[in-house]
Amino acid sequence: MNQVWNIARKELSDGLRNRWLLAISLLFAVLAVGIAWLGAAASGQLGFTSIPATIASLASLATFLVPLIALLLAYDAIVGEDEGGTLMLLLTYPLGRGQLLLGKFVGHGLILALATLIGFGCAGLAIAVLVEDIELGLLGWAFGRFMLSSTLLGWVFLAMAYVLSSKVSEKSSAAGLALGVWFLFVLVFDLALLALLVLSQGKFSPDLLPWLLLLNPADVYRLINLSGFEGSGNAAGVMALGGDLPVDGMLLWSCLLLWVGVPLVLAYWVFLRRPT
């Protein structure tokens, strides 16, 4: 475990030196505070509205932002070391490929977790201080749930980035594939489900369609953050299908954890077969 922690500490140190942690935290904080107070501007309201509405808006933001940041953070984790000539050097040390991969994952994962805690935590703290008659218990539960699920969503796409980085031989290829993965899970998947729903005119197995949401970690993440509030059944688009899922919150959390583990194992398998 010392080798894993040494690699993780190096990645965390690089993130601090390159201002990754500071930049991500500031981005999350500014956008989260802005959404908390301006999220209802389209309906003619300014100021904080409600905890469920704020969490739903923040989850929509994080669905786009967190995966992209995670992919940008780790797309060159392996191929970058290879192009820089340091991968072969690292593998000459008493350090297994699994330890190297896990160490990088822990380091990048800590950067994302800290940025999420600092950035979104600032928004929660601002709401607690500035909004009168706020239910602090509900606020703490909602933001804690939101920040934990956002961290897990980031870890999912970190693991996917390692798969890509272990597979390709050039950073440019990894960057292009990372962008493709982001488009697939954040934009294309839901559009494809909507197209399937419309083109089949509702005839496509209505019992199967909601389960397809579990094939997208971004949809699982949104279902987690939309559940547990009154009125969550008013979700729009493909999220409305989530109300037909006969599952509880624990299964959704388990599914998100599975989405972290499976790509990480796949990344290890691909990395083992990467020539050096």
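Every value quoted in this text rests on a predicted model; they were computed, and no experiment measured them.
Heavy-atom minimum distance, Leu21 versus Ala115: CD1-N, 3.5 Å. Taking all atoms of both residues into account, the shortest heavy-atom contact from Leu256 to Pro217 is CD1-O, 3.9 Å. Phe143 and Gly124 get closest at one heavy-atom pair: CE2-N, 3.6 Å. Nearest heavy atoms, Ala267 versus Ala159: CB-O, 4.1 Å. Of all non-hydrogen atoms in Pro263 and Leu258, the two that sit nearest each other are CD-O, 4.1 Å. Leu223 and Leu252 make their closest contact through CB-CD1, 4.0 Å (heavy atoms, listed as atom of the first residue, atom of the second, distance).
Counting only heavy atoms from C-beta outward, the side chains of Thr54 and Leu58 approach each other to under 4.5 Å. Here the side chains of Tyr75 and Ser165 are not in contact, with every heavy-atom distance at 4.5 Å or above. In this structure, the side chains of Val168 and Leu177 come closer than 4.5 Å at one or more pairs of heavy atoms. A 4.5 Å side-chain heavy-atom check between Val220 and Trp253 finds every atom pair outside the cut-off. Side-chain contact between Ile51 and Ile134 is present, with heavy atoms from C-beta onward closer than 4.5 Å. Contact of the Arg274 side chain with the Asp82 side chain is registered, since non-hydrogen atoms from C-beta on lie closer than 4.5 Å. Side-chain contact check for Phe105 versus Leu110: every heavy-atom pair is 4.5 Å or farther apart. Side-chain atoms of Tyr93 and Leu89, non-hydrogen and from C-beta on, do get closer than 4.5 Å to each other.
Although no hydrogens or angles enter the test, the distance criterion places no donor-acceptor pair under 3.5 Å between the side chain of Ser13 and the main chain of Arg9. Checked by atom type and distance alone, the side chain of Gln99 pairs as donor or acceptor with a backbone atom of Gly96 at under 3.5 Å. In this structure a side-chain-to-backbone donor-acceptor pair under 3.5 Å is present from Thr86 to Glu81. One N or O on the side chain of Tyr162 and one on the backbone of Lys104 form a donor-acceptor pair closer than 3.5 Å.
The distance from the CG atom of Leu102 to the CD1 atom of Ile7 is 10.5 Å, given to the nearest 0.5 Å. Interatomic distance, CG of Leu27 versus CG of Leu31, reported as 4.5 Å (0.5 Å rounding). Here CG of Asp14 is found 9.0 Å from CG of Leu16. Values are rounded to the nearest 0.5 Å. The structure places CD1 of Ile224 at 9.0 Å from CG of Leu153, a figure rounded to the nearest 0.5 Å. Between the CD1 atom in Ile78 and the OG atom in Ser169 there is a gap of 14.0 Å [rounded to 0.5 Å]. Going from atom CG of Asp219 over to atom CG of Asp190 covers 4.0 Å, rounded to the nearest 0.5 Å.
By the 6.0 Å contact criterion, OH on Tyr268 is open, its count of non-hydrogen atoms from other residues, nucleotides or ligands being 12 or less.
Counting side-chain heavy-atom gaps under 4.5 Å among Ile, Leu, Val, Met, Phe, Trp and Tyr, the cluster of Val163 also holds Leu266, Trp269, Val270.
With sequence neighbours left out, the side chain to side chain contact (heavy atoms under 4.5 Å, CB included) criterion links Leu22 to Arg19, Leu26. By the side chain to side chain contact (heavy atoms under 4.5 Å, CB included) test, Thr116 pairs with Phe28, Phe120, Met147, Ser150, Thr151, sequence neighbours left out.
Tracing side-chain contacts under 4.5 Å through hydrophobic residues (I, L, V, M, F, W, Y), one never reaches Val129 starting from Val30; they form parts of separate clusters. By the rule that hydrophobic residues join a cluster once side-chain heavy atoms approach within less than 4.5 Å of another member, Leu139 and Val33 end up as members of one cluster. In this structure, Val156 is not a member of the same hydrophobic cluster as Met250, with clusters built from ILVMFWY side-chain heavy atoms closer than 4.5 Å. When hydrophobic clusters are built by joining Ile, Leu, Val, Met, Phe, Trp and Tyr residues whose side-chain heavy atoms come closer than 4.5 Å, directly or via intermediates, Met160 is not grouped with Val262. Taken together through direct or relayed side-chain contacts under 4.5 Å among Ile, Leu, Val, Met, Phe, Trp and Tyr, Val181 and Val265 form parts of separate hydrophobic clusters.
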Q) Are Arg222 and Asn225 close enough, and set up right, to give a side chain to side chain donor-acceptor pair (under 3.5 Å), and what steps lead you there? A) CA-CA 5 Å; Arg222 282 187 285 183; Asn225 284 287; over 6 Å; no

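Every pair tested for salt bridge (charged side-chain N to carboxylate O under 4.0 Å, His left out) that includes a residue from residues 128-143 fails, sequence neighbours excluded, so the list is empty. Sequence neighbours left out, the pairs with a member in residues 157-177 that pass salt bridge (charged side-chain N to carboxylate O under 4.0 Å, His left out) are Asp76-Lys171.
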Could you pull out every donor-acceptor pair under 3.5 Å between side chains of residues 60-74 and any protein atom, sequence neighbours left out?
| residue | atom | partner | partner atom | Å |
| --- | --- | --- | --- | --- |
| Ser60 | OG | Ala56 | O | 3.1 |
| Thr63 | OG1 | Ala59 | O | 2.6 |

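Between Trp259 and Phe185, the gap from one ring centroid to the other is short of 6.0 Å.
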